Amino acid sequence: MVKVVFEVNGRTVELDIEPNELLINTLRNRLGLTGTKYGCGIGECGACTVLVDGEPMLSCLLLTVDVNGRRVETVEGLTSERNPSVVQKAFMEEGAIQCGYCTPGFIVMAEYMRRRNVEPVDENIKEYLKGNLCRCTGYINIYKAVRKALKAR
């Protein structure tokens with residue numbers, strides 16, 4: 001076992017973990033942060049995207065020991081049912097949720113784009129979201145939602 005201390009959504013956590021434990025399993029199974037989804041498990045779908053020190057990372061490929069001393073933000077830390085974020089509102093207003101499985105990864109990436117002041121043009125949105133896959137109907141409403149969130153500065 002290895003002791004790790006890191007911040008998750010503004011709260012410091014201290015855990016004893018196996019050295020090979022993946023961050024997604026720590027978030028979901030130990031901390032109850034089930035908003036981060038386990039999709040493909042090989043880093044291709046983006047459903048497990050979280051921000052680590054403000055940068056998007058795939059929690060299905062990241063060991064928990066690698067976030068020791070760092071700051072992790074999950075979709076739960078970026079949104080709230082009672083007080084939805086600009087990104088969350090845009091996703092709801094544009095009907096971009098569909099089945100909802102991929103939505104947390106898209107919301108995390110959209111928030112990352114907002115923080116970087118990415119211009120809300122299709123080329124930028126497609127480039128930033130190329131690592132996030134939706135297996136439902138398509139990306140039109142997702143792109144509309146991201147564009148709307150980026151314009152709402």
Side-chain angles (χ1 to χ4, degrees), residues 6-11 13 20-68 70-153:
F6 58 101
E7 183 183 307
V8 178
N9 300 333
R11 180 176 63 110
V13 295
N20 63 347
E21 185 169 318
L22 294 172
L23 180 60
I24 189 166
N25 294 331
T26 302
L27 295 171
R28 292 181 57 83
N29 302 336
R30 292 177 180 261
L31 302 176
L33 298 169
T34 57
T36 302
K37 302 300 184 207
Y38 188 92
C40 65
I42 56 173
E44 290 185 358
C45 74
C48 66
T49 305
V50 297
L51 298 177
V52 178
D53 293 335
E55 295 296 319
M57 296 196 179
L58 300 170
S59 63
C60 75
L61 299 180
L62 188 62
L63 295 174
T64 304
V65 295
D66 291 332
V67 299
N68 190 34
R70 302 175 80 181
R71 182 174 45 94
V72 177
E73 295 173 272
T74 69
V75 70
E76 289 95 339
L78 303 177
T79 64
S80 163
E81 274 187 48
R82 293 186 183 152
N83 188 20
S85 70
V86 168
V87 174
Q88 190 178 21
K89 285 181 189 174
F91 270 70
M92 290 185 291
E93 291 169 1
E94 295 299 331
I97 295 175
Q98 302 173 81
C99 86
Y101 204 82
C102 65
T103 303
F106 278 108
I107 287 177
V108 170
M109 281 306 295
E111 179 60 31
Y112 174 71
M113 293 168 70
R114 278 183 42 82
R115 292 179 184 179
R116 292 183 59 103
N117 292 318
V118 171
E119 285 296 316
V121 296
D122 288 348
E123 296 79 27
N124 291 342
I125 294 169
K126 288 177 184 174
E127 179 65 23
Y128 275 88
L129 297 181
K130 68 183 177 187
N132 294 76
L133 301 178
C134 170
R135 297 171 193 214
C136 290
T137 59
Y139 297 87
I140 293 172
N141 290 354
I142 293 170
Y143 292 158
K144 284 180 183 176
V146 172
R147 191 178 312 111
K148 184 178 215 173
L150 294 177
K151 287 180 179 176
R153 294 181 187 173

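This one's a predicted model, so the numbers in the text were calculated from it and none came from an experiment.
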Q: Going by the angle between their ring planes, with limits at 30° and 60°, are F106 and F91 parallel, tilted or perpendicular?
A: tilted
Q: Please name the residue in the list D66, T64, V65 that meets the side chain to side chain contact (heavy atoms under 4.5 Å, CB included) test with F6.
A: T64
Q: Run the numbers on C99 and R135 for side-chain contact (heavy atoms from CB on, under 4.5 Å), then give the verdict.
A: CA-CA 9 Å; C99 86; R135 297 171 193 214; over 6 Å; no
Q: Keeping the roles fixed (side chain from E76, backbone from T34), state whether a donor-acceptor pair exists under 3.5 Å.
A: yes
Q: Would the distance check show the side chain of D53 and the main-chain N or O of R70 forming a donor-acceptor pair, the cut-off being under 3.5 Å?
A: no
Q: As an exercise, state the distance from CD1 of I107 to CG of N132, rounded to the nearest 0.5 Å.
A: 11.0 Å
Q: Side chains of L150 and I125, heavy atoms from C-beta outward: is any pair under 4.5 Å?
A: yes
Q: Go through it in stages, so that I can follow the logic: the residues are L78 and Q88, the test is side-chain contact (heavy atoms from CB on, under 4.5 Å), and I'd like the CA-CA distance, side-chain angles, deciding distance and then a yes or no.
A: CA-CA 9 Å; L78 303 177; Q88 190 178 21; over 6 Å; no
Q: Of all the heavy-atom pairs spanning V87 and A110, show the shortest one and how long it is.
A: CG1-CB, 3.6 Å
Q: For R147 and D122, indicate whether the former's side chain and the latter's backbone hold a donor-acceptor pair under 3.5 Å.
A: no
Q: Are the side chain of R71 and the backbone of L51 linked by a donor-acceptor contact shorter than 3.5 Å?
A: no
Q: Can you give me the closest heavy-atom contact between V72 and V52, atom names plus distance?
A: CG2-CG2, 4.3 Å
Q: What distance separates E119 CD from M113 CE, expressed to the nearest 0.5 Å?
A: 10.5 Å
Q: Ignoring hydrogens, what is the shortest heavy-atom contact between V50 and T74? Give both atom names and the distance.
A: CG1-CG2, 4.1 Å
Q: Minimum heavy-atom separation for T36 to S59, with atom names?
A: CG2-OG, 3.5 Å
Q: Could you check K130 against E127 for salt bridge (charged side-chain N to carboxylate O under 4.0 Å, His left out), going step by step and ending with a plain yes or no?
A: CA-CA 5 Å; K130 68 183 177 187; E127 179 65 23; 2.7 Å; yes
Q: Is N9 close to L33 at the side-chain level, that is, under 4.5 Å between some pair of heavy atoms?
A: yes
Q: What's the spacing between Y139 OH and L129 CG if we round to 0.5 Å?
A: 9.0 Å
Q: Would the distance check show the side chain of Y101 and the main-chain N or O of Y38 forming a donor-acceptor pair, the cut-off being under 3.5 Å?
A: yes
Q: To the nearest 0.5 angstrom, please state how far the CG atom of N141 sits from the SG atom of C136.
A: 11.5 Å
Q: Of all the heavy-atom pairs spanning R114 and A149, show the shortest one and how long it is.
A: NH1-O, 3.0 Å
Q: Which atom names give the shortest non-hydrogen contact between C60 and G43, and what distance separates them?
A: SG-N, 3.6 Å
Q: Rounded to the nearest 0.5 Å, how far apart are CD of E94 and CD1 of I140?
A: 12.0 Å
Q: Show your working on side-chain contact (heavy atoms from CB on, under 4.5 Å) between L63 and L22 and close with a plain yes or no.
A: CA-CA 4 Å; L63 295 174; L22 294 172; 4.1 Å; yes
Q: With rounding to the nearest 0.5 Å, note down the distance linking CG in L61 to SG in C48.
A: 6.5 Å
Q: Applying side-chain contact (heavy atoms from CB on, under 4.5 Å), run through Q98 and I142 and close with a yes or a no.
A: CA-CA 9 Å; Q98 302 173 81; I142 293 170; 3.7 Å; yes
Q: Under a 4.5 Å cut-off applied to non-hydrogen side-chain atoms, are E7 and E73 in contact?
A: no
